[in-house]
Amino acid sequence: MNVFEYKNAQLVTEFDRYIIENPDFSESIPDGALVAMQVADDDIFNEWSRELARRQAENGQEIVYVNIKKLRPVKSRIEQLAISANP
């Protein structure tokens with residue numbers, strides 16, 4: 001997996017979480033559309049993502065670009081930890 005594929009996978013996961021928390025947003029996405037991620041201030045990734053979408057879209061399939069303007073910092077969900085030398 002290259003760096004763009006990894007970044008895209010992370011963004012798709014975050015987008016899925018966003019849709020779960022904001023289900024009304026998904027109504028703005030046409031049925032059967034291919035969703036492509038775009039990130040503010042990352043022109044190289046955005047071009048890669050657009051090209052990937054063009055290659056993957058079926059003939060006549062609409063492509064919808066999700067423009068991510070801002071991401072919160074990644075935060076661990078771990079609440080407690082313990083460290084031991086011998087498990």
Donor-acceptor contact below 3.5 Å, side chain Asn22 vs main chain Phe25: no
Check: Gln61 side chain, Gly32 main-chain N or O, donor-acceptor pair, under 3.5 Å: yes
Shortest non-hydrogen separation from Glu14 to Arg17 and the atoms involved: OE2-NH1, 2.7 Å
Val35: side-chain contact (heavy atoms from CB on, under 4.5 Å) partners, not counting sequence neighbours: Phe15, Ile29, Met37, Val66
Residues Gln10, Tyr6; criterion side chain to side chain donor-acceptor pair (under 3.5 Å); working and verdict: CA-CA 6 Å; Gln10 289 181 317; Tyr6 181 75; 3.1 Å; yes
Side-chain (Asn46) to main-chain (Val39) donor-acceptor, under 3.5 angstrom: yes
Inter-residue atom distance Asp16.CG - Glu21.CD, 0.5 Å rounding: 11.5 Å
Euclidean distance, Leu34 CG relative to Tyr65 OH, rounded to 0.5 Å: 8.5 Å
Atom pair CD/CD1 of Glu27 and Ile19 - distance to nearest 0.5 Å: 10.0 Å
Heavy-atom check, side chain of Phe45 versus side chain of Asn8, under 4.5 Å: yes
Residues Arg54 and Glu47 bridged, charged N to O under 4.0 Å: yes
side-chain contact (heavy atoms from CB on, under 4.5 Å) partners for Pro23, two or more places apart: none
Residue pair Ala36 / Ile63: nearest heavy atoms and the distance that separates them: CB-CG2, 4.3 Å
Within one Ile-Leu-Val-Met-Phe-Trp-Tyr cluster: Ile44 and Trp48, side-chain cutoff 4.5 Å: yes
Over 12 foreign heavy atoms within 6.0 Å of CG, Asn2: yes
Hphob cluster co-occupancy, Leu11 + Ile20, side-chain heavy atoms under 4.5 angstrom: no
Pair Lys7-Asp42, side-chain contact (heavy atoms from CB on, under 4.5 Å): steps then yes or no: CA-CA 11 Å; Lys7 182 172 187 167; Asp42 194 341; 2.3 Å; yes
Worked verdict on Leu52 versus Phe4 for side-chain contact (heavy atoms from CB on, under 4.5 Å): CA-CA 10 Å; Leu52 178 66; Phe4 291 140; over 6 Å; no
Euclidean distance, Arg55 CZ relative to Arg50 CZ, rounded to 0.5 Å: 13.0 Å
